[in-house]
Amino acid sequence: RDKVLSDMASAWNDAMHETAMERPIKLLTYHGLGAIDTDLYPTWESFFEKLLEEPGVTYEIESTRAHVPSYTLDIVPASLCSRIISVREQIAREFVQDLDVIAEASLQAMDTYWKKVKE
């Protein structure tokens with residue numbers, strides 16, 4: 001997991017959420033819709049709409065090790081949205097393939113069942 005981006009998204013969400021201290025969001029440890037504030041983000045695209053309104057951020061990452069160079073990390077909301085939506089699309093395509101496999105397995109199971117019933 002990308003800790004820097006996850007921390008940034010969590011911090012941004014905390015800033016937008018009035019009761020962040022009462023219900024901390026732990027994006028690194030929780031997977032599922034429970035991490036999404038459905039009052040703040042009532043539709044799936046509302047998170048992206050709000051994120052696109054945010055300005056970009058640049059972090060200077062300094063290394064204390066001689067063999068690891070320091071670098072600049074640019075957080076570009078439009079790029080994040082594009083990457084997240086791309087992952088969503090890939091998961092959707094894989095889910096469709098999985099459903100096809102389940103449907104085929106179900107048909108084979110039913111065929112086997114009816115053959116056994118007829119015997």
**Asked** Quick one: side-chain hydrogen bond (donor to acceptor under 3.5 Å, both in side chains) partners of Glu45, sequence neighbours excluded?
**Response** Thr43
**Message:** Counting C-beta onward and ignoring hydrogens, is there a side-chain heavy-atom pair between Thr58 and Ile75 closer than 4.5 Å?
**Reply:** no
**Asked** Atom CG of Asp74 and atom OH of Tyr59: how far apart are they, to the nearest 0.5 Å?
**Response** 11.0 Å
**Request:** Please identify each residue that fulfils side chain to side chain contact (heavy atoms under 4.5 Å, CB included) with Ser86, with sequence neighbours left out.
**Result:** none
**Message:** Does atom CD (Glu62) have a neighbourhood of more than 12 heavy atoms from anything else shown, all under 6.0 Å?
**Reply:** no
**Message:** Could you report the tightest heavy-atom contact between Pro77 and Gly56, atom names first, then the distance?
**Reply:** CD-CA, 3.7 Å
**Message:** Tell me whether Leu73 shares a hydrophobic cluster with Val76, the cluster being built from Ile, Leu, Val, Met, Phe, Trp, Tyr side chains joined at under 4.5 Å.
**Reply:** no
**Prompt:** Ignoring hydrogens and geometry, is there a side-chain-to-backbone donor-acceptor pair from Ser63 to Pro69 under 3.5 Å?
**Reply:** no
**Asked** Do Tyr71 and Val57 belong to the same hydrophobic cluster, where Ile, Leu, Val, Met, Phe, Trp and Tyr are linked whenever their side-chain heavy atoms lie under 4.5 Å apart, directly or via other members?
**Response** yes
**Request:** To the nearest 0.5 angstrom, please state how far the OG atom of Ser106 sits from the CG atom of Asp111.
**Result:** 9.5 Å
**Request:** Can you sort out the partners of Thr64 under side-chain hydrogen bond (donor to acceptor under 3.5 Å, both in side chains), two or more places apart, ordered by chain and number?
**Result:** none
**Complete:** side-chain hydrogen bond (donor to acceptor under 3.5 Å, both in side chains) filter on Glu89, not counting sequence neighbours, yields none
**Request:** Please round to the nearest 0.5 Å and tell me the distance separating atom CG of Leu107 and atom CD1 of Ile102.
**Result:** 12.0 Å
**Request:** For Arg93, enumerate each residue passing the side-chain hydrogen bond (donor to acceptor under 3.5 Å, both in side chains) test, keeping only those at least two apart in sequence or located in another chain.
**Result:** Gln90
**Request:** Working to the nearest 0.5 Å, report the span between OG of Ser82 and CG of Leu52.
**Result:** 10.0 Å
Could you pull out every donor-acceptor pair under 3.5 Å between side chains of residues 112-119 and any protein atom, sequence neighbours left out?
{"residue": "Thr112", "atom": "OG1", "partner": "Gln108", "partner atom": "O", "Å": "2.9"}

**Asked** Counting N and O atoms only, with roles assigned by atom type, does the side chain of Thr72 sit under 3.5 Å from a partner on the main chain of Glu60, one being a donor and the other an acceptor?
**Response** no
**Prompt:** Say you draw a straight line from NZ of Lys50 to SG of Cys81; how long is it, rounded to the nearest 0.5 Å?
**Reply:** 13.0 Å
**Item:** Separation of Ser70 OG from Arg65 CZ (nearest 0.5 Å)
**Value:** 12.5 Å
